[in-house]
Amino acid sequence: MADWKNPPRLFIPGPVMVVDDVLQQLARPTLGHRGKEYAQLHGETVEMLKKILFTNQHVFLSTSSASGIWEAAVRNCVAPGETLLATGCGAFSDKWADVARSCGANVDELKVDWGKPVLPEMIDEKLATGKYAAITLVHNETSTGLMNPVAEISKMMKKKYPDVLVFVDTVSGMIGLPLKFDELGWDVAFASVQKAFAIPPGFAVAVVSNRALEKSKKVPSRGYYFNFELWADAAQKNQTLVTPSIPHIMALNYQCHKLVKEGMENVWKRHAKMADFVRSWAKEKFGLFCEEKYASNTLTAVKNTRGINVGEVISAVQKKHNTAFGNGYKKLKEQTFRIAHMGDITMDDLKELLGWIDEEIG
Ligand SMILES: *Cc1c(COP(=O)(O)O)cnc(C)c1O
């Protein structure tokens with residue numbers, strides 16, 4: 001078992017490493033969630049998130065992991081009888097389609113091979129049938145280390161299908177990758193905080209467009225806990241519907257101050273620089289799992305071209321240096337391994353990690 005006084009440094013693609021000053025935010029004295037101090041914390045955090053995500057629409061704080069928002073998008077915004085086009089290019093996007101179906105939605109899937117991106121023309125071809133009320137996209141597919149060309153897809157959607165709602169899982173993309181919500185014309189986008197926000201797990205941020213909120217009001221059986229309309233009512237008072245995880249909001253507030261100060265262009269550049277560094281190493285020593293053009297700026301999925309025993313190397317690095325990186329996801333286990341370069345991970349951290357992997361592979 002991990003020694004909690006000497007926790008391993010995490011380069012797995014979530015939860016990622018959390019620095020001490022952020023951890024301390026989670027230990028601050030608690031507040032009543034209907035009091036003035038809380039409302040101030042909430043309001044300030046949401047205002048900063050609006051700047052960070054380039055939106056004037058609704059930002060909600062959800063005491064759940066991001067998977068809850070997979071359900072929320074479908075249950076709030078897909079009416080009975082409507083059909084959803086779920087795009088899939090890896091484990092997380094595929095899973096979202098399953099979840100949507102389990103919520104009772106009619107779902108058609110548009111799948112590409114793992115490691116390949118979903119392209120605008122593929123979506124265009126499907127939507128041309130006029131059959132779909134909404135689509136799901138994954139911004140950054142964490143199982144394959146791939147960024148989908150969401151800017152191009154969004155441009156096409158705005159031009160040709162302005163009435164189709166766009167739901168985006170940007171769980172491992174948000175803040176690490178360029179994301180201007182209003183400009184992209186998205187309707188629901190969300191992330192867990194244990195990815196690029198670099199906060200311990202258990203909390204999510206969701207952005208919801210005005211039109212998605214309006215539409216949700218007409219959709220029956222939306223339930224309670226993830227009900228956008230009830231969320232919006234509470235948000236007007238700078239509150240959440242139910243008692244939130246206030247420690248997470250304190251940590252999120254703290255991280256948002258840092259992000260606003262740094263400026264998002266710089267934050268995105270910082271991630272791109274770390275990604276370049278890890279990708280160059282990966283290309284020299286191994287290969288990339290996906291085409292370089294689509295390789296993610298928040299994590300790298302390295303193709304195990306040398307046939308190393310990935311599990312053994314991970315164990316050795318963990319044992320000697322108390323540091324963890326990720327094996328491949330499910331069916332990509334041993335064929336790939338994954339290194340996160342997001343949040344508060346630095347270039348120095350990465351140099352150290354790659355040096356240790358080099359020592360093991362000889
Ligand atoms: C991590 C991840 C999820 C799941 O997030 P939870 O916090 O476990 O709900 C979903 N989608 C992507 C792309 C992810 O990286």
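Atoms within each ligand, like the ligands themselves, are counted from 1 in listed order. The figures here come from the full heavy-atom set of this structure, side chains too, leaving out hydrogens, waters and symmetry mates.
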(message) Under the side-chain hydrogen bond (donor to acceptor under 3.5 Å, both in side chains) test against T300, which residue among R279, R338, K283, H341 passes?
(response) H341
(message) Tell me whether Q255 contacts the main-chain N or O of F197 through its side chain, where contact means a donor paired with an acceptor under 3.5 Å.
(response) yes
(request) Determine, for W356 and K320, whether the Lys NZ or Arg CZ falls below 6.0 Å from the six-membered ring centre while staying within 45 degrees of the axis. (result) no
(message) For F60, does the six-membered ring have the charged nitrogen or CZ of K50 within the cation-pi criterion, i.e. under 6.0 angstrom from the centroid and within 45° of the normal?
(response) no
(request) Let me know which protein residues bring a heavy atom to under 4.0 Å of ligand 1; chain then number is fine for ordering. (result) S65, A66, S67, W70, F92, N140, T142, D169, V171, S172, S192, Q194, K195
(message) Looking only at the aromatic ring of each residue, does the gap between the centers of F92 and Y329 stay below 6.0 angstrom?
(response) yes
(request) State which residues pass ring-ring contact (aromatic ring centres under 6.0 Å, His included) with F228; sequence neighbours excluded, sorted by chain then number. (result) W231
